[in-house]
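The residues of the chain are indexed from 1 along the displayed sequence.
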Amino acid sequence: MTMIPTTSVTLGSSHEEEEVEEELLSLMMDNDVAPPTTTTTTTSSSFTPDQEKQIINDLIHVSGSNAKPGDLFYLLSNRWYMEWLRYTGQDSDENSTVSTVCRPGQIDNHHLVIGGSDSYGDDLELLKTLQEGHDYVLVSQDVWKILYDWYKGGPALPRKMISQGVANKTLLVEVYPLCLQLIDARDDKQYAIRISKKATVRDLYNQVSVLLKLDEEKFRIWDYFNKKKSSVLAVADQDLEDANLQMDQDILVEVEQHLWPSGLGLDSTGNGLALVPVEPARSSITIAGGPTQSNGYSSGYISNFYEGNALGSPLTGAEDGYNLSKMAKGDRGGLSGLQNLGNTCFMNSSIQCLVHTPSLVEYFLHDYSAEINKQNPIGMQGELAIAFGELLRKLWSSGRAPIAPREFKTKLARFAPQFSGYNQHDSHELLAFLLDGLHEDLNRVKFKPYIEIKDATGRPDEEVADECWEIHKARNDSVIVDVCQGQYKSTLVCPVCGKVSVTFDPFMYLSLPLPSTVTRSMTITVFYGDGSALPMPYIVTVPKHGLYKDLFQALGTACCLNSDELLLLAEVYDHGIFRYLVNPLEQLFTIKDEEHIVAYRLPKKQEGFTRLEIVHESKENGVRKRLGTPLVTFIAEAAQKSEDVQNAVQMVLSPLLKVKVCHPSNCIHTSMEDGFASENDIDGLFNAGNSGCRLRNQSVDKMELDQLSNGMDSFILSLTDEKGMHCSSIENDFHFRQDQFMRVILDWSDREYGMYNISFLEDLPVVHKTTTKKIRSEAISLFSCLEAFLKEEPLGPDDMWYCPTCKEHRQATKKLDLWRLPEILVVHLKRFSYSRYLKNKLDTFVNFPTHNLDLRNYVKSNVAARSHTYELYAISNHYGGLGGGHYSAYAKVRDHSEPAHIA
């Protein structure tokens with residue numbers, strides 16, 4: 001058992017202290033660590049780094065599994081946390097070790113708050129631009145208490161965990177509580193109030209009551225968004241989020257006057273009172289033309305909007321500045337912008353694209369109440385569709401005053417908690433959610449039937465595709481399906497048994513990769529196992545998520561591999577072969593850009609031959625060291641004498657002789673830059689199509705070799721094992737046993753250096769040389785992105801397909817084809833690239849037509865029921881990078897009869 005110094009842990013209240021001490025005791029006993037007594041104070045060296053790591057990691061595990069709303073979490077400087085990880089040996093940097101890293105100093109969170117090191121107090125305001133994982137990490141209350149007890153410092157930045165969402169509850173830490181600017185109507189004095197968005201209106205009244213020293217019955221609070229009185233906050237149990245209050249907006253406090261109507265504010269019993277109409281008045285009806293309900297929704301919808309049906313009263317919104325009653329027939333709507341509510345540009349740009357979609361405009365401006373599906377268990381009881389419809393009507397009223405989509409954002413946060421708060425998000429993710437959510441809310445199928453899908457084997461594609469579409473429509477039938485959904489053909493092929501599976505699936509949008517994101521260039525150096533030519537590097541392009549067989553094929557084509565030859569690939573590390581790359585189904589991502597990969601051209605027929613691997617060594621200052629690149633060749637198994645090995649080594653080294661060696665197709669000199677042909681030579685030989693393929697001698701001229709080696713002493717060779725640990729000299733009378741593999745060490749003396757140019761074996765290029773200089777990529781076309789999307793490629797290791805024939809999961813190849821195109825085609829360009837260590841935005845320019853996008857050549861179906869030509873009418877644009885940027889939208893206000901697509 002390991003003994004540790006005594007310690008005392010102060011953890012707030014005695015009850016909390018006992019609980020945490022008991023938990024800490026359990027953790028220490030589980031790890032065979034003697035628990036501390038409580039007789040002395042903790043010192044800076046009470047625990048070893050390993051003990052600190054174990055205690056904190058166990059606390060993190062416990063707090064993560066038991067998290068619930070109301071739990072306290074603390075912001076912790078990511079800079080300090082990374083120092084602690086390095087100290088406890090948890091940093092990913094392999095060069096960092098516990099023995100070389102000092103213990104962190106005090107916790108320092110000052111750079112997270114406004115005012116920095118000059119800030120103090122319990123109500124510190126965070127900087128607005130903080131990012132989790134970059135600026136801070138979140139730790140549980142127990143973890144914070146332990147770390148603070150060990151390291152001191154601060155300031156403490158506690159935040160509560162809240163529950164977001166309706167159907168799918170999501171727990172998240174409210175890092176940025178709601179900040180409201182309170183204005184006292186008596187003297188216009190302003191106060192900043194920070195309160196949770198999940199707090200109630202009563203909680204807000206309580207806080208204002210304490211701040212202004214007023215009785216709750218003596219004042220009322222107005223929603224004062226955009227400095228306009230919208231409504232009195234009077235529903236006591238309503239969440240502030242449901243009350244549509246936004247970050248940094250104004251609220252107005254009015255103290256009781258004799259001019260007040262009776263019953264305003266919250267009464268002494270705490271009951272919520274009715275919503276107070278203000279000037280300019282809200283309508284007593286909604287966009288449906290029916291009476292307003294207490295939940296903010298209505299029973300019916302206005303019809304024949306363009307025919308100008310009269311409404312009972314003007315439909316206005318004081319906060320938004322819209323007035324549908326003023327819009328006469330012929331007025332041009334759709335010219336209003338959307339107000340940014342705090343990093344909501346991603347939402348606004350997607351909304352603008354949708355509300356300028358002709359089919360959706362026509363649909364939501366008419367009566368769609370009968371299609372609201374409140375029974376759909378995976379829908380949102382129609383609330384999202386109603387909120388979107390109301391917002392669309394506001395945007396299509398006359399005028400150009402910007403609209404504040406507060407109600408819509410509130411509904412969005414309820415049903416999609418990932419979009420709550422005020423962080424930036426991906427516009428396409430929001431658009432995808434809206435299309436899917438609107439479909440579920442407007443699905444005409446109230447009860448989805450179960451329909452078994454038949455096997456497609458042996459049947460025509462047209463028959464199977466129509467059957468799958470009818471099955472899909474039997475369960476999914478909405479305006480979104482009518483205009484936004486298409487169908488593609490998916491073909492899977494098992495790489496082992498060849499089983500082919502064909503399915504026809506619906507799609508809502510096309511997420512197109514940029515070609516640079518689906519391929520990678522690799523530099524491989526090819527060596528000739530028969531010594532017929534110098535080694536040459538080739539640059540090939542392969543699928544980024546491809547297999548070794550893709551590399552074998554691309555490299556074989558590049559070097560004009562003969563039908564009776566094969567390529568043996570290997571990774572070279574520290575002048576030796578680290579591994580052979582032989583499994584054609586292995587993933588290409590296992591080959592890193594910084595590695596050195598070589599390929600040996602060898603005869604395909606290898607029966608009766610022994611593979612000979614030649615490793616190079618030399619002796620400098622009495623120390624032996626490896627050099628160059630290993631060579632691989634074959635010798636006949638029947639040859640068992642040392643001279644056979646000598647001849648094989650001499651043959652494979654022959655291209656390195658310091659003489660001019662000519663071949664029928666090319667004459668290569670040994671004076672090459674950096675051990676390889678110059679860039680111009682390589683381009684001329686290998687990047688000029690078929691004309692760059694060299695015709696090789698199948699064997700080096702024996703007479704020429706005899707002349708060059710006449711009078712030469714034998715090479716100093718040693719037979720060694722796989723690890724190079726045991727060596728035995730190969731003498732003239734040496735006989736070796738037959739085997740499939742043999743490794744020898746070639747000792748380079750002054751004689752070898754004088755005869756051969758070893759520079760050809762040095763300075764291997766890496767697979768891919770990265771550069772820090774950012775070069776703007778050449779422009780590509782939208783069609784090339786579509787072709788990259790439709791290109792056959794293997795499935796990823798995390799997306800294996802279960803082969804019904806093999807009865808196992810296989811890494812099948814997948815090919816997509818467009819089969820049925822929708823009326824509205826949504827195209828998403830995948831510009832954001834994510835990897836384990838890097839997040840990046842691709843700035844490749846993509847050319848796309850604004851008129852007559854013709855996709856007929858990409859549609860495999862022979863049924864020409866719908867035009868495959870599209871007009872661009874809306875686009876959501878992102879400016880900047882991942883660290884900071886802005887979304888905007890371009891939309892065309894147009895007739896509703898033309899085909900269109902969104903990019």
Side-chain angles (χ1 to χ4, degrees), residues 162 164-166 174 176-183 193-205 207-208 220-253 266 272-278 280-283 286-287 292-298 315-322 336 338-344 347-348 351 380-395 401-417 419-422 430:
I162 60 174
Q164 284 284 108
V166 178
E174 191 177 23
Y176 289 97
L178 187 63
C179 183
L180 302 173
Q181 305 301 320
L182 183 147
I183 302 176
I193 292 182
R194 278 183 283 277
I195 187 172
S196 173
K197 60 186 174 184
K198 304 304 289 184
T200 63
V201 170
R202 166 155 296 286
D203 295 329
L204 179 61
Y205 269 86
Q207 191 164 333
V208 173
R220 61 184 178 183
I221 303 176
W222 289 91
D223 179 351
Y224 202 49
F225 186 79
N226 283 346
K227 293 291 194 295
K228 296 178 181 178
K229 290 182 178 180
S230 299
S231 61
V232 170
L233 301 177
V235 183
D237 296 329
Q238 185 180 36
D239 289 350
L240 298 182
E241 184 178 37
D242 292 338
N244 299 325
L245 296 183
Q246 304 298 314
M247 180 71 76
D248 295 327
Q249 81 155 73
D250 295 324
I251 55 175
L252 181 68
V253 171
L266 293 178
L273 303 179
L275 195 66
V276 180
V278 297
R282 274 187 181 270
S283 172
T286 68
I287 61 171
T292 301
Q293 306 295 317
S294 60
N295 62 0
Y297 302 117
S298 51
L315 178 60
T316 63
E319 67 182 80
D320 298 321
Y322 69 93
S336 298
L338 288 169
Q339 186 172 338
N340 196 325
L341 302 178
N343 274 340
T344 57
M347 179 184 76
N348 294 349
I351 291 175
M380 282 144 277
Q381 292 74 52
E383 294 186 30
L384 183 67
I386 295 172
F388 178 79
E390 290 178 348
L391 180 58
L392 182 143
R393 285 183 168 277
K394 295 175 185 178
L395 290 169
I403 307 298
R406 294 201 297 162
E407 294 89 345
F408 181 82
K409 185 179 184 302
T410 299
K411 296 296 182 186
L412 183 67
R414 287 188 63 207
F415 294 105
F419 299 117
S420 64
Y422 301 92
L430 187 279

Are the side chains of [Y] and [X] in contact, using a 4.5 Å heavy-atom criterion?
X	Y	answer
Ser196	Arg194	no
Phe225	Leu341	yes
Glu383	Phe388	no
Leu204	Leu233	yes
Trp222	Ile251	no
Leu395	Leu338	yes
Ile193	Leu178	no
Met347	Phe408	yes

Can you see which heavy atom on [X] is nearest to which on [Y], and at what distance?
X	Y	value
Ala236	Thr200	O-CB, 3.4 Å
Ala243	Asp223	O-OD2, 4.2 Å
Ile403	Ser336	CG1-CB, 4.1 Å

Worksheet entry | Residue pair Asn226 / Gln339, side-chain donor-acceptor N/O under 3.5 Å | yes
State the [atom1]-[atom2] distance between [X] and [Y], to the nearest 0.5 angstrom.
X	Y	atom1	atom2	answer
Leu245	Ile195	CG	CD1	9.5 Å
Asn348	Lys409	CG	NZ	10.5 Å
Leu182	Gln207	CG	CD	9.5 Å
Ile351	Leu430	CD1	CG	6.5 Å
Thr410	Leu240	OG1	CG	11.0 Å

Discussion item. Which residues pass the salt bridge (Lys or Arg N to Asp or Glu O under 4.0 Å) test with Glu174, not counting sequence neighbours?
Written reply: none
Item to complete: Walk me through it: do Val201 and Asp237 pass the test side chain to side chain contact (heavy atoms under 4.5 Å, CB included)?
Response: CA-CA 6 Å; Val201 170; Asp237 296 329; over 6 Å; no
Tell me whether [X] contacts the main-chain N or O of [Y] through its side chain, where contact means a donor paired with an acceptor under 3.5 Å.
X	Y	answer
Gln249	Gln246	yes
Thr344	Asn340	no
Arg406	Asn244	yes
Asp239	Glu241	no
Tyr205	Ile221	yes

Practice prompt. State whether Lys411 and Glu390 are salt-bridged, where the test is any N-O pair (Lys NZ or Arg NE/NH1/NH2 against Asp/Glu carboxylate O) under 4.0 Å.
Written response: no
